[in-house]
Number of protein chains: 4
Amino acid sequence: MSNPALEPASTTRAPGRPRSEEARKAILQSTLELLKQFGFNDLSIESIAGHAGVGKATVYRWWPNKAALVVDAFVSVVDAELRYPSTGPAEKAFREQMERWIPIFNSPLGKVIAAVIGAGQSDPEIIEAFRAHWVEPRRREARELLKQSMKAGEIRCDIDPDTILDILYGPLYLRLMVHHEPLTLELVDKIFAMVLPGLRPQRQSLQR
Amino acid sequence: MSNPALEPASTTRAPGRPRSEEARKAILQSTLELLKQFGFNDLSIESIAGHAGVGKATVYRWWPNKAALVVDAFVSVVDAELRYPSTGPAEKAFREQMERWIPIFNSPLGKVIAAVIGAGQSDPEIIEAFRAHWVEPRRREARELLKQSMKAGEIRCDIDPDTILDILYGPLYLRLMVHHEPLTLELVDKIFAMVLPGLRPQRQSLQR
Amino acid sequence: MSNPALEPASTTRAPGRPRSEEARKAILQSTLELLKQFGFNDLSIESIAGHAGVGKATVYRWWPNKAALVVDAFVSVVDAELRYPSTGPAEKAFREQMERWIPIFNSPLGKVIAAVIGAGQSDPEIIEAFRAHWVEPRRREARELLKQSMKAGEIRCDIDPDTILDILYGPLYLRLMVHHEPLTLELVDKIFAMVLPGLRPQRQSLQR
Amino acid sequence: MSNPALEPASTTRAPGRPRSEEARKAILQSTLELLKQFGFNDLSIESIAGHAGVGKATVYRWWPNKAALVVDAFVSVVDAELRYPSTGPAEKAFREQMERWIPIFNSPLGKVIAAVIGAGQSDPEIIEAFRAHWVEPRRREARELLKQSMKAGEIRCDIDPDTILDILYGPLYLRLMVHHEPLTLELVDKIFAMVLPGLRPQRQSLQR
DNA sequence: CAATAATCGAGACGGTACGTCACGTCTTCTT
DNA sequence: AAGAAGACGTGACGTACCGTCTCGATTATTG
């Protein structure tokens with residue numbers, strides 16, 4: 001993102017005082033904290049700088065705007081963690097996965113995820129970063145698991161894995177964003193009760 | 001919301017100059033126009049008032065904040081349309097309804113809906129207004145239709161209607177917000193292919 | 001200066017909320033106060049607004065920059081006051097005048113005058129305003145008195161009044177600005193001791 | 001001020017890399033150049049360093065603030081010139097000296113002097129630097145010349161030399177700062193026409 | 001037909017945050 | 001040790017909107 005380390009490796013350091021790593025970490029940490037508290041709109045660069053004990057200019061030196069900063073903060077916390085690979089029968093694996101999501105969506109991180117998706121509605125870069133750093137890493141594994149299960153004849157193979165995942169996870173994201181109903185473990189049960197029969201191999205596929 | 005016509009019908013009119021209907025329309029129209037142009041975040045009440053040729057106070061007199069105004073504006077556009085044909089078999093009714101949503105979600109109005117949900121992640125009042133003026137009116141009818149179908153034994157009755165609706169519409173909203181896959185009519189087909197078997201009355205319900 | 005009352009008298013008021021006279025006075029008053037304390041350079045619009053209990057935008061609405069504001073403040077305090085007309089023999093009149101200046105130059109107003117001249121070195125408008133509202137009104141009277149004395153044969157008439165005034169007042173302003181020596185009544189005595197002989201009608205004028 | 005050469009001459013040089021004389025010259029040169037272009041207020045240390053191809057810290061290492069730097073810069077330009085011819089009759093010496101000032105005050109250097117005095121009204125350090133590095137070196141010689149003339153009975157001795165110098169030079173500085181009248185050679189003539197009679201030994205001194 | 005009352009437009013008000021700039025200090029590597 | 005480079009915390013800049021307010025003008029109902 002704004003990582004100079006990604007530039008072609010040069011043995012010669014840039015001249016001048018190097019960037020303060022403490023400042024960078026404090027800024028990202030404060031961003032997450034205040035994002036949970038206030039959401040994206042009521043989050044001000046000024047308050048982030050103040051909370052991080054950092055000059056406003058230092059924030060603007062490294063991030064062009066609030067959006068880029070929030071994305072960086074979100075990515076930094078989420079990039080390598082929170083992956084729960086599962087094995088065994090697909091049904092059981094997905095049910096376990098989804099049940100693990102419920103408390104996470106209800107935690108402060110859930111608020112951050114919602115805030116990032118929300119902010120992404122005004123800024124294409126944000127939603128793209130969300131897809132690249134959140135959705136896709138998780139989908140990759142899930143897609144693989146689904147394909148194997150399809151090959152094994154456990155689940156129907158006339159519907160692409162991504163759509164299946166949308167059907168399974170769509171309701172969770174909907175409730176995360178709209179708050180019309182609580183996000184409970186029971187919801188997972190009901191989703192599976194509804195979807196399982198249709199998940200198994202069908203005699204005629206995609207019938208109307 | 002801001003509709004005095006909903007007050008108890010009184011033959012006696014309030015004294016004083018009545019509200020200007022032209023101003024109201026101009027404000028809502030300008031809101032939609034600028035919303036499509038700039039998105040929710042870069043939309044200012046000041047610019048709406050200016051564009052509508054209206055005093056800022058006139059906006060604030062009738063809408064408490066930007067969110068309420070935006071929700072009102074887009075509700076005013078789609079209020080009359082998009083009601084469920086409340087008769088016929090439930091399956092067919094929902095499928096037709098969802099298919100009608102696809103082009104709408106892909107139109108500028110879809111961007112408005114996404115913007116409102118997005119803004120709602122920072123402001124509880126917004127998401128509440130979205131629920132009250134958008135989700136709930138539509139759910140009310142859909143819920144009724146589902147209940148009748150349950151009574152008629154057409155669909156299983158061990159899962160509450162709201163969850164069923166979350167499963168049906170969740171994928172649509174997810175794609176609307178995240179843009180990881182396109183919103184096509186095919187998606188509706190696949191959702192139904194997956195969900196229909198589980199929608200019919202089951203021998204044992206909610207089995208794990 | 002920034003006085004709309006100077007526009008061609010119109011019977012119709014401008015639309016909108018009228019300008020707050022209290023705010024205007026508070027701003028000018030605070031400007032003078034802080035100018036005395038900090039001088040021109042260390043005077044910030046931000047502090048003026050804060051001290052006056054006024055929004056920063058209100059200052060910028062009416063004055064384009066710090067310089068215009070300081071000039072306005074200076075003029076407002078100085079425009080009609082501090083004129084000490086004197087009659088009688090020119091020598092005595094001027095000596096009295098100058099002696100009256102000493103305590104004024106040593107007072108806070110002296111600091112303001114010095115600050116305005118100082119600021120005028122970076123901004124032609126300031127020094128012009130200083131000339132128009134401070135120097136010229138006082139010179140006008142002094143010039144008149146000198147001309148009458150010349151006609152009466154009391155003082156030489158081969159040197160223009162303005163140069164005489166520069167010689168009399170130059171030392172005062174020099175000490176006001178440079179602070180190399182104190183501004184005392186004694187200085188006035190010495191100036192007159194030096195200048196009086198040359199002030200009387202000379203046999204040969206401007207001899208080298 | 002920042003002249004290590006004034007330190008007690010030591011045969012042993014300080015350890016480490018010696019001060020770069022090129023840097024010093026480039027800084028002073030850039031200061032003068034930018035000062036003429038932008039005036040004192042809009043002159044930034046940052047721009048001086050940039051223009052001189054020098055690190056900001058190098059400027060701050062040798063000059064405590066902008067004022068000292070500016071004073072140093074313009075002193076460096078005129079340091080060698082403009083010393084009083086310390087012999088001959090005092091009257092003639094001063095007249096010649098003052099006549100030499102007129103074109104200088106009218107040159108860009110005059111603007112610099114005015115800018116420094118102006119800036120000094122906000123910052124005591126500036127006016128002090130001006131006194132120490134500009135006024136005093138010149139006064140020292142002039143004072144000496146006056147004292148010798150007093151001893152020789154050429155000029156009155158009941159008025160201290162500094163006051164005499166204020167009377168002679170006050171009008172010049174006044175016109176330099178206020179611009180109400182032009183600075184011409186004629187002015188010098190008039191000053192001497194006015195002051196000379198009072199400069200000679202008087203029968204009764206300081207009479208009122 | 002006035003008096004009253006609520007609306008309208010316009011735009012000034014006290015604020016808050018914006019993104020930029022320069023300050024004077026610091027931390028790095030190079031000379 | 002001094003050089004350049006340039007990041008650091010700080011604080012003021014001038015701008016844009018916020019939501020509230022005060023104007024005169026307009027448009028209705030009520031006495």
Side-chain angles (χ1 to χ4, degrees), chain A residues 12-24 42-50 52-66, chain B residues 12-20 22-23 42-50 52-62 64-66, chain C residues 12-24 42-50 52-62 64-66, chain D residues 13-20 22-23 42-50 52-62 64-66:
Chain A
T12 62
R13 288 234 307 88
R17 178 173 175 175
R19 168 165 192 188
S20 159
E21 194 59 25
E22 290 103 45
R24 189 184 143 272
D42 296 353
L43 176 68
S44 69
I45 299 267
E46 202 130 323
S47 69
I48 291 172
V54 142
K56 213 176 10 160
T58 300
V59 179
Y60 282 106
R61 213 187 317 275
W62 300 108
W63 293 274
N65 49 53
K66 196 168 57 166
Chain B
T12 63
R13 292 253 292 93
R17 178 173 175 175
R19 172 169 187 185
S20 158
E22 290 99 45
D42 295 352
L43 175 69
S44 68
I45 298 270
E46 202 127 326
S47 68
I48 292 172
V54 143
K56 236 191 329 175
T58 303
V59 178
Y60 283 107
R61 207 188 322 272
W62 301 109
N65 50 53
K66 193 167 64 165
Chain C
T12 62
R13 287 232 309 85
R17 178 173 175 173
R19 169 166 190 185
S20 159
E21 194 57 27
E22 290 103 46
R24 189 184 143 271
D42 296 353
L43 176 67
S44 70
I45 298 269
E46 202 130 320
S47 69
I48 291 172
V54 143
K56 213 176 9 160
T58 300
V59 179
Y60 283 107
R61 213 188 318 275
W62 301 108
N65 48 55
K66 196 168 58 167
Chain D
R13 291 251 292 93
R17 178 174 173 177
R19 171 168 187 186
S20 158
E22 291 99 45
D42 295 353
L43 176 68
S44 67
I45 299 270
E46 202 127 328
S47 69
I48 291 172
V54 143
K56 241 192 320 176
T58 303
V59 179
Y60 283 108
R61 206 189 320 274
W62 301 109
N65 50 52
K66 193 169 64 166

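A note on names: the letters A, B, ... follow the listed sequences, proteins ahead of strands, and every chain is numbered from 1.
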>> If the cut-off is 4.0 Å, is B:Arg19 near the phosphate of E:dA6, judged by side-chain N/O to OP1 or OP2?
In response: no
>> Can you say whether a donor on the side chain of C:Arg17 sits under 3.5 Å from an acceptor on the base of E:dC13, or the other way round?
In response: no
>> On DNA chain F, does the nearest nucleotide to C:Gly16 precede the nearest nucleotide to A:Glu21 from the 5' side, or the other way round? Give the residue.
In response: A:Glu21
>> In this structure, how many angstroms lie between the P atom of E:dG24 and the CD1 atom of D:Ile48, rounded?
In response: 11 Å
> Atom CD of C:Glu22 to atom C1' of E:dG14: distance rounded to whole Å?
Replying inline: 14 Å
> Which listed nucleotide (E:dC8, E:dC13, F:dA5) is nearest to the side chain of A:Pro15?
Replying inline: F:dA5
> Does OP1 or OP2 of F:dG3 have a side-chain N or O of D:Trp62 closer than 4.0 Å?
Replying inline: yes
> Do A:Lys56 side-chain atoms and A:Ala49 backbone N/O form a donor-acceptor pair below 3.5 Å?
Replying inline: no
> So, is D:Arg61 close to the F:dA2 phosphate, meaning a side-chain N or O under 4.0 Å from OP1 or OP2?
Replying inline: no
> Between A:Ile45 and A:Asn65, what is the shortest heavy-atom contact and its length?
Replying inline: CD1-C, 4.5 Å
> Considering only side-chain heavy atoms of D:Ala23, which listed nucleotide, F:dA4, E:dT7, F:dC21, is closest?
Replying inline: F:dA4
>> Using every non-hydrogen atom in the two residues, find where A:Ala23 and A:Ser20 come nearest and quote the distance to one decimal.
In response: N-OG, 3.0 Å
> Just checking, A:Arg24 and A:Trp62: is the charged tip under 6.0 Å from the six-membered ring centre and within 45° of the axis?
Replying inline: no
> For nucleotides 10-17 of chain F, read 5' to 3', which letter fits each nucleotide if B means a protein heavy atom sits under 4.0 Å from the base, S means only the sugar-phosphate is that close, and - means neither?
Replying inline: B-SBBB-S
